[in-house]
Structure formats: structure tokens, C-alpha cells
Amino acid sequence: AKLLGAICREYEATNRAVPDHHLHLAGYFGEAMLRALVSANLVTKERGDRFSLYRYEPTEAGLKYYKDMLAEKRI
């Protein structure tokens with residue numbers, strides 16, 4: 001949930017896919033979390049540019065899930 005939140009926050013601020021070097025990942029566990037988000041269709045994985053290997057963009061379902069988490073947190 002924290003990783004999805006980080007991706008969605010940066011995406012909403014910049015309206016661009018989030019480069020992998022902007023994410024705080026810890027080794028294999030971080031990579032496994034990204035794979036889980038991609039396979040759950042909450043984010044998409046794109047080839048990076050000259051500064052990153054990959055970029056991640058939340059899907060509509062991912063943004064909806066993120067906004068639902070924010071609404072629940074406010075209660």
C-alpha cells in the first residue's frame with residue numbers, strides 16, 4: 001500500500017510515469033512488491049529513459065484504490 005501510494009502521489013504531482021530511482025525499494029522484497037502491483041493491474045511497467053531502467057504508472061484501478069485508501073484514512 002505504501003509503494004502504491006508513493007507511485008500515485010508522484011504521478012498526480014507530475015502527471016508522468018515514476019522512474020524506478022525515485023522509489024525507495026529494499027532489495028528483492030521491493031522488486032517483489034513492484035511485481036505484485038503490476039500483476040494485480042494496479043500499475044504498469046514501462047521501459048525507462050536514459051536515467052532509469054523502468055518507469056511505473058498507476059492504472060485507473062490503481063488510482064481508484066489509492067483514492068479509496070485516502071478517503072478511508074480521513075474517516
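Quick caveat: nothing in here was measured; it's all calculated off a predicted structure.
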* When rounded to the nearest 0.5 angstrom, what distance separates CD1 in Ile7 from CG in Leu42? -> 9.5 Å

* To do: Treating Ile, Leu, Val, Met, Phe, Trp and Tyr as nodes and any side-chain heavy-atom pair under 4.5 angstrom as an edge, say whether Leu34 and Phe29 lie in one connected cluster.
  => yes

* Leu25 with Leu53, same ILVMFWY side-chain cluster at under 4.5 Å -> yes

* Asked: So, for Pro58 and Cys8, which heavy atoms are closest and what is the spacing to 0.1 Å?
  -> CB-SG, 3.8 Å

* Specify the closest pair of heavy atoms between Tyr11 and Val18, including all atoms of both residues, with the distance to one decimal. => N-CG2, 4.0 Å

* Structure fact -> With sequence neighbours left out, the residues meeting side-chain hydrogen bond (donor to acceptor under 3.5 Å, both in side chains) with Lys64 are Asp68

* Under the side chain to side chain contact (heavy atoms under 4.5 Å, CB included) test, residues paired with Asn41 that sit two or more places apart -> Thr59

Mind checking whether [X] and [Y] have side chains closer than 4.5 Å, heavy atoms only?
X	Y	result
Glu10	Leu23	no
Leu3	His24	no
Asp20	Tyr56	yes

* Verify, without hydrogens or angle tests, whether Ser52 (side chain) and Gly48 (backbone) share a donor-acceptor contact under 3.5 angstrom. => no

* Residues in salt bridge (charged side-chain N to carboxylate O under 4.0 Å, His left out) contact with Glu46, at least two apart in sequence or another chain -> Arg55

